[in-house]
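All remarks here apply to the structure that follows.
Since we're looking at a predicted model, the values are computed, not measured.
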Amino acid sequence: MRRTRSLALAGAAWLLAAVFLFPYLEMVVTALRPADELRDATYLPQHFAWSNLIGVWQDSTLGANLRVTLLVAGGATVLALLVALPAAYYTARFRYRGRRLFLLLVLVTQMFQPTSLLVGLYREFYQLGMLNSVWTLILCNAAFNLAFAVWILTAYISSIPVELEEAALLDGLGRLGVLRRVVLPLALPGVVTAVIFTFISAWNEFVMGLTLSTDPGSQPLTVGINSFIGNYTVQWNYLFAGSVVAIVPVVVLFALIERHVVSGLTAGSVK
């Protein structure tokens, strides 16, 4: 009976995995279709056009778009973490006046979407002469992901016994030393969780990149891929080839640190 139940659960899990993986398999197959077979009803093409993966780089600004996305996602992640870590540490360890209001504001800012602030952001950066700038996208993505980073890090640091910090203070370490040598290593799963979610959010961002960057060479990858969709035609093979390029780095990064993400998400759930 137990073996039958295990086999049924395994079969259901594989079926569910196949359902989720099928769109990605279709994306890869379409990326390798020749242009004259895009409308064929067959699932697999008669000939795989590996040249699509080369042509998508030569016939577009995809290389520059990928570089911009790497700079924006990496820069926004580092900037958000540098601000969120000391803020989360202070919030988790000290009961200052206005602490509950600060945490409430952190949750409230999570409800705002970039689209609701686009007009104001565009006017501000236009007056500063910072349109079509990588730094503009880094600042915006870091700001919109800062609240989540503070929230997850506060929960994780709160679960670390304060006695460890008190012992380090008695040994002569200052607050910065305690944060760097004691709290940061123990809070590594929470830090990794904040890093991966901030990185993925900045990597997949589209609306701000489309609005604040009008030069094709300074736009992120999500906007660059959208250029394959024209007014009258869609270059499906290049569109899906670019999509494959866009998801591979994120999939690899998530697979490498997935166990840290799971432990970080459960931080603070058990006292």
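Looking only at distances, a side-chain donor or acceptor of Gln219 sits under 3.5 Å from a matching main-chain atom of Ser213. A side-chain donor-acceptor contact under 3.5 Å links Arg93 to the backbone of Ile157. Remark: side-chain polar atoms of Thr30 are not paired, donor with acceptor, to backbone N or O of Met27 under 3.5 angstrom.
With sequence neighbours excluded, no residue forms a side chain to side chain donor-acceptor pair (under 3.5 Å) with Ser243. Shown here are the side chain to side chain donor-acceptor pair (under 3.5 Å) partners of Asn65, two or more places apart in sequence or in another chain: Thr61. Applying the side chain to side chain donor-acceptor pair (under 3.5 Å) test to Asp215 and every residue at least two apart in sequence or in another chain returns nothing. With sequence neighbours excluded, no residue satisfies ring-ring contact (aromatic ring centres under 6.0 Å, His included) with Tyr89. Under the rule for a ring-ring contact (aromatic ring centres under 6.0 Å, His included), the partners of Phe22 that lie at least two apart in sequence or sit in another chain are Tyr43.
Closest non-hydrogen pair, Phe148 versus Thr193, comes out as CE2-O, 4.5 Å. Counting all heavy atoms, side chain and backbone alike, Ala76 lies closest to Ala202 at CB-CB, 4.3 Å. Between Thr222 and Glu205, the shortest heavy-atom distance links the atoms OG1-O, 2.6 Å. Closest heavy-atom contact between Phe125 and Cys140: CE1-SG, 3.4 Å.
Hydrophobic clustering (side-chain heavy atoms under 4.5 Å, transitive across Ile, Leu, Val, Met, Phe, Trp, Tyr) groups Trp50 together with Leu62.
The stretch residues 121-137 participates, sequence neighbours left out, in these side-chain hydrogen bond (donor to acceptor under 3.5 Å, both in side chains) pairs: Asn132-Thr214.
Annotation: side chain of Leu81 is in contact with side chain of Leu153 (closest heavy-atom distance under 4.5 Å).
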Apply side chain to side chain contact (heavy atoms under 4.5 Å, CB included) to Val178 and Val183, showing your working.
CA-CA 6 Å; Val178 169; Val183 176; 4.2 Å; yes
